[in-house]
Amino acid sequence: MKRRAAAGMSLTLLALGGVLAARPAPRLLLTAEDFARIERLGKSAPWAATVRAGIVQAAENWPAAHNQRYGLERWEPPPEGGQWTLWYICPRHGVRLQFRSPNQNVCPVDGEQFSGWPYDQVVYANRHSDSANMARDNGLAYRFTGRKEFAQAAARILLAYADVYSSYPIKDTNNRANATSGGRVTAQTLDEAGWLIPVTWAYDMIADSGVLDAAEKTHIEQDLLRAAAAIIARNNAGQSNWQSWHNAAIGAVGFALEDAGLIARALD
């Protein structure tokens, strides 16, 4: 009886997934109806107009603000994946380090500087996270304004990560190679999922913008979105907050690409 009930629920959820996946893009973070509602709200609610303008401003400031923050001459993905952000602690005083451009990791208590693993890799993690969020914000800015330069900026980020994603070794928070819980851009599948979600949102918002040709779409879909989803899917975390994030990321990719198999895996 339990098996029949579970099978029935699986079929129901899969059918629901198929209906939702058939919605026109964008269909993940926001839909076309949502963007129209936000446009109307911005004309009547000053707070909404301020939030919308802030996202557009952040997109306009990319990559200059990012480069200035990290002391970079130009934006590009870091040379390797990031590390667990809780490593960014002074081992003597137990306080979070402070990053000072271009490459100083400083204890705020006595000014001691730290370099090498894992401190530099935590800075890489921050750069990876900021880039994913800016892909999302550029996608939002494109949808808010219709300005193609924002879609092009998001596409630049996505294509750059599609180029390098599979070259990053899999490692966990203790730098053990090929660990089941490890990621490529991050050091654990929990964080890989959190990173993949805004990346997938960004693709969903710009895929039909005209700034990507067919080969570029395939590159992003296969070498970034599906590749990252496969890394996350290696780690079955059971009934846990980790698996909730795993499901959200795998589901996002499934809905973005209208992949019934990924949708079913996330829902079931």
Side-chain angles (χ1 to χ4, degrees), residues 24-30 55-56 58-70 72-82 123-170 183-186 191-233 249-259 262:
R27 53 177 165 262
L28 296 181
L29 176 58
L30 295 167
I55 293 171
V56 173
E60 289 176 337
N61 291 342
W62 187 89
H66 180 97
N67 293 345
Q68 182 178 13
R69 177 181 179 185
Y70 293 105
L72 305 173
E73 293 184 1
R74 63 183 302 274
W75 179 85
E76 60 185 359
E80 61 182 282
V123 177
Y124 293 160
N126 293 336
R127 287 172 56 187
H128 286 307
S129 178
D130 289 352
S131 295
N133 290 337
M134 286 314 305
R136 175 203 63 204
D137 284 358
N138 272 283
L140 285 169
Y142 163 67
R143 287 290 173 174
F144 287 150
T145 67
R147 290 164 53 185
K148 286 289 183 73
E149 64 263 34
F150 294 131
Q152 291 166 343
R156 177 184 172 189
I157 296 171
L158 297 178
L159 287 168
Y161 274 101
D163 287 344
V164 302
Y165 183 81
S166 292
S167 70
Y168 290 153
I170 301 170
R184 291 192 187 276
V185 167
T186 71
D191 295 334
E192 201 91 347
W195 179 85
L196 180 58
I197 290 168
V199 165
T200 309
W201 286 342
Y203 182 68
D204 179 59
M205 287 186 282
I206 70 161
D208 64 355
S209 67
V211 303
L212 293 167
D213 62 30
E216 289 171 330
K217 288 183 181 180
T218 298
H219 184 32
I220 292 170
E221 292 175 4
Q222 298 297 327
D223 300 324
L224 178 57
L225 304 186
R226 291 188 186 277
I231 292 297
I232 294 164
I250 293 169
V253 173
F255 284 115
L257 305 186
E258 300 186 62
D259 185 315
L262 289 177

[X] [atom1] to [Y] [atom2] distance, which is reported to the nearest 0.5 Å:
X      : Y      : atom1 : atom2 : answer
Asp130 : Tyr70  : CG    : OH    : 3.5 Å
His66  : Asn126 : NE2   : CG    : 10.0 Å
Ile220 : Tyr161 : CD1   : OH    : 13.5 Å
Ile232 : Ile250 : CD1   : CD1   : 6.0 Å
Asn61  : Asn67  : CG    : CG    : 11.5 Å
Leu225 : Thr200 : CG    : OG1   : 5.0 Å

Notebook entry, point to check: Is the backbone of Ala256 close enough, under 3.5 Å, to the side chain of Arg27 for a donor and an acceptor to pair up by distance?
Noted result: yes
Notebook entry, point to check: Just by distance, do the side chain of Glu192 and the backbone of Ala228 share a donor-acceptor pair under 3.5 Å?
Noted result: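 No; zero donor-acceptor contacts below 3.5 Å.
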Checklist line | Non-neighbouring partners of Asp223 that pass salt bridge (Lys or Arg N to Asp or Glu O under 4.0 Å), sequence neighbours left out | finding: none
Please report the shortest heavy-atom distance between [X] and [Y], naming the atom on each side.
X      : Y      : result
Ala155 : Ile206 : N-CD1, 3.6 Å
Pro198 : Gly194 : CD-O, 3.0 Å
Ala249 : Leu196 : CB-CD2, 4.1 Å
Arg184 : Ser166 : NH1-O, 3.4 Å

Checklist line | Those residues that, when tested against Glu76, pass side chain to side chain donor-acceptor pair (under 3.5 Å) (two or more places apart) | finding: Arg74
Margin query: Are more than 12 heavy atoms, taken from residues, nucleotides or ligands other than Gln222, located less than 6.0 Å from that residue's CD atom?
Written below: yes
Just list the side-chain donor-acceptor pairs under 3.5 Å for residues 131-141, sequence neighbours left out, or say none.
unit_1 : atom_1 : unit_2 : atom_2 : d
Ser131 : OG     : Trp75  : NE1    : 3.0
Ser131 : OG     : Arg127 : O      : 3.0
Asn133 : OD1    : Arg136 : NH1    : 3.3
Asn133 : ND2    : Ser129 : O      : 3.4
Asn138 : ND2    : Met134 : O      : 2.9

Next item on the list: Sort and list the pairs that fulfil side chain to side chain donor-acceptor pair (under 3.5 Å) and have at least one residue in residues 204-213, not counting sequence neighbours.
Entry: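 Every pair satisfying side chain to side chain donor-acceptor pair (under 3.5 Å) with a residue in residues 204-213: Arg143-Asp208.
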Next item on the list: With sequence neighbours excluded, tell me which residues meet ring-ring contact (aromatic ring centres under 6.0 Å, His included) with Tyr168.
Entry: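 Per chain and number, Tyr168 pairs via ring-ring contact (aromatic ring centres under 6.0 Å, His included) with His128.
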Next item on the list: Quick one: list whatever passes ring-ring contact (aromatic ring centres under 6.0 Å, His included) with Trp201, sequence neighbours left out.
Entry: none
Next item on the list: Go through Asp163 and His219 one step at a time and tell me if the side-chain contact (heavy atoms from CB on, under 4.5 Å) criterion holds.
Entry: CA-CA 8 Å; Asp163 287 344; His219 184 32; 2.6 Å; yes
Below 4.5 Å, heavy atoms only, C-beta onward: do [X] and [Y] meet side chain to side chain?
X      : Y      : value
Leu212 : Leu158 : no
Glu216 : Val211 : no
Arg147 : Tyr142 : no

Next item on the list: Take Thr145 and Phe150 through the side-chain contact (heavy atoms from CB on, under 4.5 Å) test and state the conclusion after the steps.
Entry: CA-CA 9 Å; Thr145 67; Phe150 294 131; 3.5 Å; yes
